[in-house]
Amino acid sequence: MKIINKIKLGKDGLVVKGTKRLVHLRQGDLDGACAVYSMVMCLLMTKSITQKEISLSNENPNGRESVGRLINTLMNKQGLLRKGYVLDKLDVDLKHAYKRKITTEYFCKDDKINLLSAITTVLDEDKPVEIGYTYKRGGGHAIVVIGYNKENDSTLLFCLDPGHPIYDGMYWNNVLCVEDDKIQGYNTYNYLDKAEVFIDEAIAYEKTSTTKKK
C-alpha cells in the first residue's frame with residue numbers, strides 16, 4: 001500500500017505533515033465547484049497555500065502576488081466556477097495565476113497513455129493527484145487521490161472526496177476500484193457513490209522548487 005508522505009493523522013484529523021492544518025475540505029467550507037476544492041486540498045498538501053491565504057474574507061487580494069492572482073482568477077472573477085470546471089482549463093488557469101508557487105503535470109485519456117499508470121507513478125513520487133471522472137449515468141466529479149494499493153486484477157485508489165465528510169482516524173473517505181485489464185468504458189467502481197465511473201483526466205501537483213520573490 002502507498003500513501004503519499006505529505007499527510008498524517010493528527011489529534012484533530014488528517015493534517016498536512018509538519019503542521020496542524022486540516023487537509024480535507026468539504027463543499028460548503030468554501031463556495032463553489034468540486035474541482036476547485038480538490039485543487040485547494042492539493043495546494044494545502046504541497047504547502048503551497050494556507051487556509052488563511054485562501055480565506056474568502058480576503059476581499060481585496062493583491063493581484064501582483066501569487067495568492068492574489070489565484071483568488072482573483074478562481075474566486076472573484078469566476079465565483080469558484082459553480083457550474084463546474086474541467087481539469088485541463090483548471091491546469092491552464094493555475095499555471096497562469098500560480099506558477100511561482102506550484103508546478104503541475106496534466107494527464108488525459110486522449111493522450112494515448114495509460115492513465116492509471118501515470119497516476120500511480122506520480123503517487124510513488126509523493127505528489128497528490130486531482131482526478132476528474134464521469135459517471136455512467138451522466139455527470140462528473142473531481143476528487144483527490146492520496147494513495148493506492150494493487151490487488152490481483154485491480155488497483156484501489158484512496159481518495160479525498162469534497163462531496164462527503166471524512167471520519168476521525170481516516171486517511172481517505174472514498175475508494176475507487178480500477179479494473180486493470182479493462183482499459184475502455186466505465187472500468188472504475190466508486191464505492192462511496194456505488195456507481196461505475198470513467199477516469200478522464202488528472203493533475204499532479206508539486207511545490208515549485210525555486211520560489212521567486214513576488
Exercise for the section: For the pair N190 (side chain) and V175 (backbone), establish whether a donor and an acceptor sit closer than 3.5 Å, ignoring hydrogens and angles. Expected result: no
Practice task
Answer whether the closest heavy-atom distance between the side chains of V145 and W172 falls below 4.5 Å.
Solution key: no
Exercise for the section: Give a yes-or-no answer on whether the side chains of Y135 and E196 include a donor-acceptor pair shorter than 3.5 Å. Expected result: no
Completion exercise
Minimal heavy-atom distance between L90 and E130, with the atoms involved, is CD2-OE1, 3.6 Å
Problem - K2 atom NZ, over 12 foreign heavy atoms within 6.0 Å - result: yes
Exercise for the section: Could you check if a side-chain atom of V129 sits within less than 4.5 angstrom of a side-chain atom of V144, using non-hydrogen atoms only? Expected result: no
Handout entry: Polar side-chain atom of K109 near backbone of I199 as donor-acceptor pair, under 3.5 Å
Key = no
Exercise for the section: State, yes or no, whether a side-chain contact exists between H24 and N173 at a heavy-atom distance under 4.5 Å. Expected result: yes
Practice task
Check for a donor-acceptor pair, side chain of T208 on one end and backbone N or O of I102 on the other, with a separation under 3.5 Å.
Solution key: yes
Problem - Sub-4.5 Å side-chain heavy-atom contact between I146 and L160 - result: yes
Practice task
State plainly whether one hydrophobic cluster holds both L176 and Y191, where clusters connect Ile, Leu, Val, Met, Phe, Trp and Tyr through side-chain heavy atoms under 4.5 angstrom apart.
Solution key: yes
Practice task
Find out whether M170 and L14 are in side-chain contact, i.e. whether some heavy atom of one side chain is under 4.5 Å from a heavy atom of the other.
Solution key: no
Exercise for the section: Check L44 against V16 and note the closest heavy-atom contact, atom names and distance. Expected result: O-CG2, 3.4 Å
Practice task
May I have the step-by-step check of side-chain contact (heavy atoms from CB on, under 4.5 Å) for R21 and T50, ending in yes or no?
Solution key: CA-CA 8 Å; R21 301 171 191 162; T50 66; 3.4 Å; yes
Practice task
For the pair S154 (side chain) and E151 (backbone), establish whether a donor and an acceptor sit closer than 3.5 Å, ignoring hydrogens and angles.
Solution key: no
Handout entry: Closest contact, heavy atoms only, L115 versus C108
Key = CD1-N, 4.2 Å
Handout entry: Side-chain (T120) to main-chain (S117) donor-acceptor, under 3.5 angstrom
Key = yes
Exercise for the section: Would you mind reporting whether F158 and N174 have side-chain heavy atoms less than 4.5 Å apart? Expected result: no
Exercise for the section: Look at atom NZ of K95 and say whether more than 12 heavy atoms of other residues, nucleotides or ligands are closer to it than 6.0 Å. Expected result: yes
Handout entry: N/O donor-acceptor pair under 3.5 Å between Y98 side chain and S48 backbone
Key = yes
Handout entry: Heavy-atom neighbours of D168 CG exceed 12 at 6.0 Å
Key = no
Handout entry: Stepwise side-chain contact (heavy atoms from CB on, under 4.5 Å) check, K99 with T104
Key = CA-CA 9 Å; K99 62 183 179 180; T104 59; over 6 Å; no
Problem - Residues L43, M39; criterion side-chain contact (heavy atoms from CB on, under 4.5 Å); working and verdict - result: CA-CA 6 Å; L43 295 182; M39 176 204 72; 4.1 Å; yes
Completion exercise
Between I7 and Y171, the two heavy atoms sitting closest are CD1-CD2, 4.0 Å
Exercise for the section: Please examine the side chains of K6 and D126, heavy atoms only from C-beta on, and report whether any two atoms are closer than 4.5 Å. Expected result: yes
Handout entry: ILVMFWY cluster, L192 and Y167 together (side-chain gap under 4.5 Å)
Key = no
Problem - K127 NZ to T121 OG1 distance, which is reported to the nearest 0.5 Å - result: 10.0 Å
Handout entry: Distance-minimising heavy-atom pair for C159 and L157
Key = SG-O, 3.4 Å
Problem - Worked verdict on Y189 versus K194 for side-chain contact (heavy atoms from CB on, under 4.5 Å) - result: CA-CA 7 Å; Y189 187 74; K194 296 181 175 57; 3.5 Å; yes
Practice task
Test Y148 against every option in L116, L156, V178, L123 by the side-chain contact (heavy atoms from CB on, under 4.5 Å) rule and name the one that passes.
Solution key: L123
Exercise for the section: Treating Ile, Leu, Val, Met, Phe, Trp and Tyr as nodes and any side-chain heavy-atom pair under 4.5 angstrom as an edge, say whether I4 and V15 lie in one connected cluster. Expected result: no
Exercise for the section: Spell out, as yes or no, whether a donor-acceptor pair under 3.5 Å connects the side chain of D200 to the backbone of T134. Expected result: yes
Problem - 4.5 Å side-chain heavy-atom contact, E201 and Y106 - result: yes
Handout entry: Donor-acceptor pair, side chain of T155 and main chain of K150, under 3.5 angstrom
Key = no
Problem - No-hydrogen, no-angle side-chain donor-acceptor test under 3.5 Å, D161 and H141 - result: yes
Problem - Minimum heavy-atom distance V122-E105, with the two atoms named - result: CG1-OE1, 4.4 Å
Practice task
Indicate, with yes or no, if I166 and M41 share a hydrophobic cluster defined by side-chain heavy-atom contacts under 4.5 Å among Ile, Leu, Val, Met, Phe, Trp and Tyr.
Solution key: yes
Practice task
Please answer whether the main-chain N or O of K17 pairs with a side-chain N or O of K47 as donor and acceptor at a distance below 3.5 Å.
Solution key: yes
